[in-house]
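Contents: one structure, followed by commentary.
Since we're looking at a predicted model, the values are computed, not measured.
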Amino acid sequence: MDFGLKDNPRLTGFGQSVVLQGVFLMSFDLVKFLIHNSHGKKLTVLLEGVHMGPGGIGFRMDF
């Protein structure tokens, strides 16, 4: 049973576009991860000013 799917140029082009989109999204995610990772290291200094208490959450920043 051959449905003509093996040599269909439309499906070949569709497959290539899916692979290209996947490569783009993977590289985009990698760049965003690296940016987020470098900025995340500074986050611990900022979060030192956050305090939780019975009345809620407070933030204090010293100059």
Side-chain angles (χ1 to χ4, degrees):
M1 289 180 139
D2 186 18
F3 296 107
L5 299 177
K6 190 181 244 186
D7 298 325
N8 191 343
R10 181 181 287 174
L11 292 178
T12 303
F14 177 74
Q16 290 173 348
S17 68
V18 169
V19 170
L20 180 64
Q21 182 180 5
V23 168
F24 170 76
L25 290 175
M26 186 66 160
S27 61
F28 182 76
D29 287 343
L30 178 65
V31 169
K32 295 295 278 184
F33 171 76
L34 293 174
I35 291 171
H36 177 72
N37 194 24
S38 66
H39 286 237
K41 292 176 183 172
K42 300 174 188 173
L43 188 61
T44 56
V45 176
L46 183 64
L47 290 177
E48 288 176 355
V50 176
H51 301 284
M52 295 178 56
I57 298 175
F59 179 74
R60 188 181 83 203
M61 180 181 241
D62 296 327
F63 295 101

Would you be so kind as to tabulate the donor-acceptor pairs closer than 3.5 Å made by side chains of residues 20-37, with sequence neighbours excluded?
from	atom 1	to	atom 2	distance (Å)
Ser27	OG	Val23	O	3.2
Ser27	OG	Phe24	O	2.8

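Here the straight-line distance linking atom CD of Glu48 with atom CZ of Phe59 works out to 10.5 Å at 0.5 Å rounding.
Alongside Phe14, the hydrophobic cluster contains Val18 (criterion: ILVMFWY side chains under 4.5 Å).
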